[in-house]
Undergrad: 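Got a structure here, written out as structure tokens. Questions coming.
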Amino acid sequence: MADRTTSLGDKVVYQIYVRSFQDSDGDGIGDLRGITQRLGYLQRLGVDYLWITPFFVSPQNDNGYDVADYCNVDPMFGTMDDFDELVRKARAHGIGLMLDMVFNHTSTQHEWFQRALAGDPKYLAYYKFADAAPDATAEDPGEPPTNWNSKFGGSCWEYVPSLNKWYLHLFDVSQADLNWDNPEVRSELVNVVRFWKDKGVSGFRFDVVNEVSKPDGTPNEWEDDHEGDGRRFYTDGPHVHQYLQELVRESGIDGMVTVGEMSSTTIDNCVRYSNPECHELSMTFSFHHLKVDYVDGEKWTLGRPDVAALREFFASWQEQMAARSGWNALFWSNHDQPRPNSRFGDCSTKESWRRSSELLPTCTHLLRGTPYIYQGEELGMTNPDFSDISQYRDVESLNYYQILQDDGKTPEGAFHIVHERSRDNSRTPVQWNATEKAGFTTGTPWIGIPANHTSINAEDEVADPDSVWSYYRGLIRLRKEMPVVQSGDVHFLDAMSNQVIAYERTLEDAPHGPRRLVVACNFSGKAAAALPSGELAEGSLLVENCDDYREEDGMLVLGPWCAVAFAW
Ligand code: GLC
């Protein structure tokens, strides 16, 4: 049987959010040439692949996740020549590119949707349109076909008076859902994948791909969901595995590195998405572990991180995916999530910031799967110090600032929630150096630069062997050197404190390096008992983010935000 551990076990992926990575032409927006300029930095860090977020032609209502032309570069980000140069030079640096395919929806500016709006039946069948009542008007269109919510707030149906129809948009009103039940749509998407594959990329990330298959029948027949927001009807939908297998087979990408973004998914489905025998994808992103600070699953209600729940999610996803040959993408962060050290750690003092920023990757990089680093994470970048709603750009954040007030929050209360939860928290420019524009641009950055770039930046950290950056580099090296990290079994340990997450990795027939690792991470600002110390004393210390741990009454006690790994 094909085995992910041999092809992916030693790899690390770095995510680039293009508009915030590096600007090369002074317009304040990151671009493809900016990435090319920084390839040396990425090679030195040691990463294998770059997942590059969408740079295709787009009106940018959702920063490029609203694609108007899948096979052209948006001039804002450069030209096709810039792209070809990036592929070539990345390869020369030993780095492969993974492109972001946004196939659940297109921008309403896409030619297909424009033709649908003009009434062309071929293109009407490309989207999820539903008839409105015969007497519907622009002023009073009546009830939408279902009561489902858009992920960005409000109904996920928009009425088009000229057609007397509604169209489905699970995201923004300018992102119309494609009709994957139409074979012509699926074949168009195959052609897009082939186009980029032929340009020499190494793989793909598929955006919200477990939402592409909607319930069978016409929208008017879809059962209303009176309890939820509709997601149970289209998450891991009826034909999703069949459609993915077809896409992968027809575009010839089985065996390339691929990852699917799987929203609200299950382990059972992710085994199917990522088990090599199913010929779907190499691995999956799941998000349950990033909802442990939501209240009742609600993103826009603030809660404290529940470390016991976090441990349970890691344990079940790690152990069950391994038992059934699934493969996890390992991550804390991306362009949709706040900075994890601000969220799961403590950035209030320099020491707690450094420890938290190193604790998080210690926990994930030694797990079974493929680690993803989101740009700036390797520097310990934090949520920005924004103080006014005018500093935010993200469509979801701005919508919810209003919705929270409509629901009765004061402007201050709504701002506080957006400040903690906004996707813009991770979208501020990469902090390259301590100068005014942080080395990101010579112009006016499209979004503000956090004040802490004077102390948290690449120039200082690359030169410092004790920096967060050097720590990440060390973790990447460990994965490359140690078969037990690449392909060992994983087993979660019962720690004494519920603030501690601990696990072991074992590989009996490791060709070299240790056969066993034990990792223990204290996710709290207080000392916590982790594991019995007796046996650990015989192991050799492999990783530590501080020396604040000790033996006490036969126990290993970890100081605040302390993470350690021992090897045998
Ligand atoms: C994914 C992307 C996110 C985008 C959404 C709609 O979740 O990561 O940024 O807004 O899909 O395309």
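All values reported here derive from a predicted model rather than from experimental measurement. Just follow the structure's listing: the first ligand is 1, and inside any ligand the first atom is 1.
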Undergrad: Can you label the angle between the His335 ring and the Tyr17 ring as parallel, tilted or perpendicular, going by 30° and 60°?
TA: parallel

Undergrad: Where the closest heavy atom to atom 2 (C) of ligand 1 is concerned, which of Val208, Asp207, Asn334 has it?
TA: Asp207

Undergrad: Indicate whether the side chain of Gln22 and that of Arg33 have a donor and an acceptor atom separated by less than 3.5 Å.
TA: no

Undergrad: Indicate yes or no: does Lys122 engage Glu184 in a salt bridge with an N to O separation below 4.0 Å.
TA: yes

Undergrad: I'd like to check which ligand 1 atoms, numbered from 1 as shown, lie under 4.0 Å from a non-hydrogen atom of Phe152.
TA: 10 (O)

Undergrad: If the cut-off is 4.0 Å to any non-hydrogen atom of Tyr65, which atoms of ligand 1 fall inside it?
TA: 2 (C), 4 (C), 9 (O), 12 (O)

Undergrad: Numbering the atoms of ligand 1 from 1, which are under 4.0 Å from a heavy atom of Arg423?
TA: 3 (C), 4 (C), 9 (O), 10 (O)

Undergrad: Among all the protein's non-hydrogen atoms, which is closest to atom 5 (C) of ligand 1, and how far away is it?
TA: Phe171 CE2, 3.8 Å

Undergrad: Which residue and atom name correspond to the protein heavy atom nearest atom 4 (C) of ligand 1, and how close is it?
TA: Asp62 OD2, 3.3 Å

Undergrad: Under 4.0 Å, heavy-atom basis, I'd like to know which part of Arg427 is in contact with ligand 1: side chain, backbone, both or neither.
TA: side chain

Undergrad: Using every non-hydrogen atom in the two residues, find where Ser58 and Val67 come nearest and quote the distance to one decimal.
TA: CB-CA, 4.4 Å

Undergrad: Run down the list Asp336, Asp394, Asp100 and name the one with the heavy atom closest to atom 3 (C) of ligand 1.
TA: Asp336

Undergrad: Under 4.0 Å from ligand 1, counting heavy atoms only, is it the side chain of Phe285, its backbone, both or neither?
TA: neither

Undergrad: For the pair Asp66 (side chain) and Gln60 (backbone), establish whether a donor and an acceptor sit closer than 3.5 Å, ignoring hydrogens and angles.
TA: yes

Undergrad: Check the pair Asp424 / Arg393 against salt bridge (charged side-chain N to carboxylate O under 4.0 Å, His left out), numbers first and verdict last.
TA: CA-CA 7 Å; Asp424 282 340; Arg393 305 282 176 264; over 6 Å; no

Undergrad: Answer yes if the side chains of Tyr234 and Asp177 hold a donor-acceptor pair under 3.5 Å, and no otherwise.
TA: no

Undergrad: If the threshold is 4.0 Å, N to carboxylate O, is there a salt bridge linking Asp62 and Arg423?
TA: yes

Undergrad: Which of the atoms in ligand 1, numbered in the order shown and given with their element, are less than 4.0 Å from a heavy-atom of His105?
TA: 6 (C), 12 (O)

Undergrad: Atom OG1 in Thr146, atom NZ in Lys214: separation rounded to 0.5 Å?
TA: 11.5 Å

Undergrad: To which protein heavy atom is atom 7 (O) of ligand 1 closest, and what is the distance rounded to 0.1 Å?
TA: Glu261 OE2, 2.9 Å

Undergrad: Quick one: look at Arg205 and ligand 1, take heavy-atom pairs under 4.0 Å, and tell me if it's side chain, backbone, both or neither.
TA: side chain

Undergrad: Say whether Glu396 and ligand 1 are in contact under the criterion: heavy-atom distance to a ligand atom below 4.0 Å.
TA: no

